[in-house]
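Accompanying notes for the structure given below.
Side-chain atoms are counted along with the backbone in the values below, which use heavy atoms only and exclude waters and symmetry mates. Chain A is the first sequence line, chain B the second, and so forth, proteins listed ahead of strands; every chain is numbered from 1.
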Protein chains: 2
Amino acid sequence: MRPGPRRSLTHAEILDAAFDLLEAKGFAAVSVRGVAGSLGITPTALYTYYPSKRALLRGMIEHLLARLDVGADEHVAVTGATTVDAVRARVLRIALSLRELLAGHAGALELIMSGPLDGPNAMRLDEALLESFATAGLALDDAAPAVYAVRAYAFGSIALQSAEVDVEADAAASEPLIKTDVPGAALWTDLARFPLTEQAATVTAQRNSTAQFVWGVERLLDGLLARG
Amino acid sequence: MRPGPRRSLTHAEILDAAFDLLEAKGFAAVSVRGVAGSLGITPTALYTYYPSKRALLRGMIEHLLARLDVGADEHVAVTGATTVDAVRARVLRIALSLRELLAGHAGALELIMSGPLDGPNAMRLDEALLESFATAGLALDDAAPAVYAVRAYAFGSIALQSAEVDVEADAAASEPLIKTDVPGAALWTDLARFPLTEQAATVTAQRNSTAQFVWGVERLLDGLLARG
DNA sequence: ACCTGAACACCGTTCAAGT
DNA sequence: ACCTGAACACCGTTCAAGT
C-alpha cells in the first residue's frame with residue numbers, strides 16, 4: 001500500500017500500544033519506530049499525533065497517573081480515629097498507590113523519571129498531599145516542603161528497588177564487569193571492610209520490601225507531623 | 001593509520017574522557033562511540049577495556065562516588081553537643097555531599113540511576129550511614145531501614161530536582177506537546193482546579209532548593225531518631 | 001593483548017511527495 | 001490532515017583480520 005488509507009488513530013489507542021510494548025519488552029523498546037510498527041504505521045505518521053518522542057512519553061505518564069488513587073478528604077469525626085491518624089492513613093495510601101502503579105508496570109519508573117512531573121494528574125497528586133497535610137494542621141509553609149519530601153522518598157525508594165531488580169536480570173551475563181586497575185576496584189568483593197553492611201544485608205534480606213517502604217513513610221510522617 | 005600503534009590506555013584516562021563528555025554534552029553523549037572517538041580510538045577498541053557500555057557506566061559511578069565525603073565517626077564527648085546531634089550532623093553532611101556530587105556533574109544522576117549501586121564506594125556510603133545510626137543508638141533492625149530511607153529520600157529528591165531543571169532546557173522547543181483528545185489533558189492549564197498547589201507554587205518559588213532538601217532530611221531524621 | 005574496518009540491527013527526526 | 005518512502009546522523013555490539 002503506497003499512501004495508504006486514512007486510519008485515524010486515537011491518542012488512547014497509541015498509548016495503549018505503547019504500554020503493551022513497555023510491559024512486554026521494557027522501556028528501551030518504547031521507540032517511535034517500535035510504537036509505530038506495532039500500530040501498523042510508519043514512524044513519520046506518529047509525528048502527526050505527537051511532535052516528539054518526549055511528547056509521547058509525557059502522554060504515557062499522564063495515562064499512567066490517571067490510575068493513581070489519591071483517596072478523599074473525609075473528615076472522620078465519628079470514629080475514634082484522630083484527624084492526624086486519618087491523614088497518616090491517606091498519605092500512606094497515596095504513597096502505596098504510587099508504588100504499586102510504578103512497580104506494577106515494568107519500565108514505568110524509567111518512564112516517570114524521563115521528564116518533569118507537571119501534567120494535570122501529577123498536580124492531582126500534589127493537591128491531594130497538600131490537602132492532607134493542611135488537614136493535619138500544617139501551615140502551607142510546612143505543607144509544601146512536606147509534599148516535596150514525601151514525593152522524594154516515594155520516587156527514590158521505588159527507583160532504588162527497581163535498580164536492584166535489574167541485578168537479577170544481569171546475572172545471566174555473568175562475566176566480570178571490570179577487569180583491572182580501576183581506582184578502588186581491587187577490593188570489589190572485600191566485604192570484610194564493611195562489617196555493618198554485611199550484617200545489615202542478612203537483616204534486609206528477611207524483610208519484605210513493601211514493609212520497608214511503609215516503615216520509611218511512617219518515620220517520615222513522624223517527623224513531618226510533629227510540627228502540626 | 002591502519003592497525004595503529006599500541007596506545008595502551010588507562011581505565012582512569014578512559015573514565016576522565018567519559019566525564020568530560022558527560023559534563024560537556026550530557027548523558028546521551030556518553031556513548032561507546034563518543035567516548036572512543038574522544039580518545040582517538042575505534043569503538044571496538046573500547047571493548048578491550050570494558051565488556052559493555054553498562055560496565056563503562058559502572059566504572060564511571062565508582063569513579064564519581066570515590067569523591068563522596070562520608071565523614072568520620074568522631075565521638076564528640078568534649079564539646080557540649082550530644083551524640084545524637086553529632087549523628088544528625090554527619091548524616092546531613094553525607095546527604096549534602098551526595099547531592100552536591102550529583103547536582104554538580106550534569107547527567108550524573110542519570111548515570112547513577114542507570115544501574116544498581118553495589119560497588120565498593122556505594123558500600124562505603126552505606127557503611128557510614130549504618131555507623132551513624134548505630135552510634136545514635138539504633139539497633140541494626142532499625143538502622144538498616146533507616147539507611148534505606150535516607151538513600152531513598154536523597155536520590156528521589158535529587159531526581160525530582162534534576163527533572164525540573166530539564167523543563168527550562170525544553171522551554172526553547174516551545175510548541176505545545178499535546179494537541180487534542182488525550183484523556184484528561186483538556187484541562188492542562190486549569191490551575192483553578194488545584195488551589196493549594198497554586199498557592200504552594202509561590203511559596204516554593206521563594207525557597208532555596210538546598211534549604212528544602214535540608215529541611216526534608218531534618219524531618220526524616222526527626223522520625224528516624226525518635227526511636228533511638 | 002590491543003587495535004582496525006566492516007557489518008548487523010537498531011535509534012529520533014526531517015523532508016518531499018502523495019491522497 | 002494523515003500518511004509513505006527515503007534519507008541523515010546517530011546507536012550498541014560482533015566478527016574476522018591485522019600487529
Given the C1' atoms of D:dC2 and C:dA17, what is the spacing between them in whole Å? 13 Å
Test the B:Arg99-B:Phe213 pair against the cation-pi criterion, namely NZ or CZ under 6.0 angstrom from the six-membered ring centroid and within 45° of the ring axis. yes
Run through B:Val217, B:Thr210, B:Leu101 and flag the one making a side-chain contact (heavy atoms from CB on, under 4.5 Å) with B:Leu96. B:Thr210
By nearest-heavy-atom nucleotide on DNA chain D, the more 5' of A:Thr44 and B:Ala28 is A:Thr44
Tell me which one of A:Leu64, A:Ile61, A:Leu65 satisfies side-chain contact (heavy atoms from CB on, under 4.5 Å) with A:Asn121. A:Leu65
Any B:Tyr49 side-chain N or O less than 4.0 Å from OP1/OP2 of C:dC3: yes
Does B:Ser31 put a side-chain nitrogen or oxygen below 4.0 Å from OP1 or OP2 of D:dC11? yes
If you check every side-chain atom of B:Thr42, which of C:dT4, D:dG12, C:dC3 has the closest atom? C:dT4
In whole Å, what is the span from the CG atom of A:Leu57 to the P atom of C:dC11? 14 Å
In whole angstrom, what separates A:Tyr50's OH from D:dC2's P? 13 Å
Between A:Leu102 and A:Ala108 the two heavy atoms that sit nearest each other are O-CB, 3.7 Å
D:dC10: pairing nucleotide in any strand, Watson-Crick or G-U under 3.5 angstrom: none
Nucleotide forming a Watson-Crick or wobble pair with D:dA16, both distances under 3.5 Å: C:dT4
Residue met sooner reading DNA chain D from 5', once A:Ala45 and B:Arg33 are mapped to nucleotides: A:Ala45
